[in-house]
A.B. asks: 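Here's a structure for you.
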Amino acid sequence: MGVAGPIRVVVAKPGLDGHDRGAKVIARALRDAGMEVIYTGLHQTPEQVVDTAIQEDADAIGMSILSGAHNTLFAKVIELLKERDAEDIKVFGGGIIPEDDIPSLKEIGVAAIFTPGATTQSIVEWVRENVRQPV
């Protein structure tokens, strides 16, 4: 890799969930930390999220899911990244995700899950340390 410039993160709200305050808080925290953030807005399909990430040359996709559809939505985004040969884009997420579901999400390739109570600082630090590895 060895890409110069700020880390680029697509922050997405896939599915039918209409609550985006948390996603906006995370987007702002990442931006304040010097990253480039592309916020997709509400009600995105997995296809739209992946298309945006590829078009924007993103390093990561952060998805906020409160609707209970996290298993399906994360799996679809990861599958689409594989199909598009874009597996180098790291996927992480947060929201209302039961502890019991986290191991299976990590197994399919979700790099990290942040549950309610995670600090913006911990998310910023995780992105800095895990998203773009030095050459």
A.B. asks: Measuring from atom CZ of Phe74 to atom CG of Asp101, what distance do you get when rounded to the nearest 0.5 angstrom?
C.D. replies: 10.5 Å
A.B. asks: Grouping I, L, V, M, F, W and Y whenever their side-chain heavy atoms are under 4.5 Å apart, do Ile61 and Leu66 come out in a common cluster?
C.D. replies: no
A.B. asks: Nearest 0.5 angstrom please: Ile96 CD1 to Ile65 CD1, how far?
C.D. replies: 11.5 Å
A.B. asks: Taking CD1 in Ile108 as the centre, count heavy atoms belonging to other residues, nucleotides or ligands within less than 6.0 Å. Is the count above 12?
C.D. replies: yes
A.B. asks: Below 4.5 Å, heavy atoms only, C-beta onward: do Trp126 and Val131 meet side chain to side chain?
C.D. replies: yes
A.B. asks: Nearest 0.5 Å, what's the CE-OG1 distance between Met63 and Thr40?
C.D. replies: 10.0 Å
A.B. asks: Can Glu125 and Arg128 be counted as an ion pair, charged N to O under 4.0 angstrom?
C.D. replies: no
A.B. asks: Evaluate the criterion side-chain contact (heavy atoms from CB on, under 4.5 Å) for residue pair Ile89 and Val10; output intermediate values, then yes/no.
C.D. replies: CA-CA 10 Å; Ile89 299 174; Val10 168; over 6 Å; no
A.B. asks: Can you find a pair of side-chain heavy atoms, one from Met35 and one from Val124, that are under 4.5 Å apart?
C.D. replies: yes
A.B. asks: Atom CD in Glu99, atom CD1 in Ile113: separation rounded to 0.5 Å?
C.D. replies: 10.0 Å
A.B. asks: Mind checking whether Val11 and Leu42 sit in one hydrophobic cluster, side chains of I, L, V, M, F, W, Y counted as touching below 4.5 Å?
C.D. replies: yes
A.B. asks: With a 4.5 Å cut-off on side-chain heavy atoms, are Ile38 and Val9 touching?
C.D. replies: no
A.B. asks: Treating Ile, Leu, Val, Met, Phe, Trp and Tyr as nodes and any side-chain heavy-atom pair under 4.5 angstrom as an edge, say whether Leu105 and Val49 lie in one connected cluster.
C.D. replies: yes
A.B. asks: With no hydrogens and no angle check, is any side-chain donor or acceptor of Lys90 less than 3.5 Å from a backbone partner on Ala111?
C.D. replies: no
A.B. asks: For Asp17 versus Ser64, what's the shortest heavy-atom pair and its separation?
C.D. replies: OD2-O, 4.4 Å
A.B. asks: Going by heavy atoms in the side chains, are Ile26 and Leu30 under 4.5 Å from each other?
C.D. replies: yes
A.B. asks: Taking atom NZ of Lys24 and atom CZ of Arg28, what is their separation to the nearest 0.5 Å?
C.D. replies: 8.5 Å
A.B. asks: Using every non-hydrogen atom in the two residues, find where Pro103 and Asp100 come nearest and quote the distance to one decimal.
C.D. replies: CD-O, 3.6 Å
A.B. asks: Which heavy atom in Leu73 sits nearest to a heavy atom in Pro46, and how many Å separate them?
C.D. replies: CD2-CG, 3.9 Å
A.B. asks: Do the side chains of Val50 and Arg84 get nearer than 4.5 Å, heavy atoms only?
C.D. replies: yes
A.B. asks: Using the rule given for salt bridge (charged side-chain N to carboxylate O under 4.0 Å, His left out), can you reason through Glu79 versus Lys82, listing the C-alpha separation, both sets of side-chain angles and the distance that settles it, and then say yes or no?
C.D. replies: CA-CA 5 Å; Glu79 174 189 318; Lys82 285 180 182 164; over 6 Å; no
A.B. asks: Which residue, Asp57, Asp88, Asp59, forms the salt bridge (Lys or Arg N to Asp or Glu O under 4.0 Å) with Arg132?
C.D. replies: Asp59
A.B. asks: Closest approach of Leu16 and His43, non-hydrogen atoms and distance?
C.D. replies: O-CE1, 3.3 Å
A.B. asks: How many angstroms lie between atom CG of Asp32 and atom OG1 of Thr120, to the nearest 0.5 angstrom?
C.D. replies: 9.0 Å
A.B. asks: Is any NZ, NE, NH1 or NH2 atom of the basic residue among Lys13 and Asp20 found under 4.0 Å from an Asp or Glu carboxylate oxygen of the other?
C.D. replies: no
A.B. asks: What heavy-atom pair brings Gly34 and Pro6 nearest, and what distance separates the two atoms?
C.D. replies: O-CB, 3.3 Å
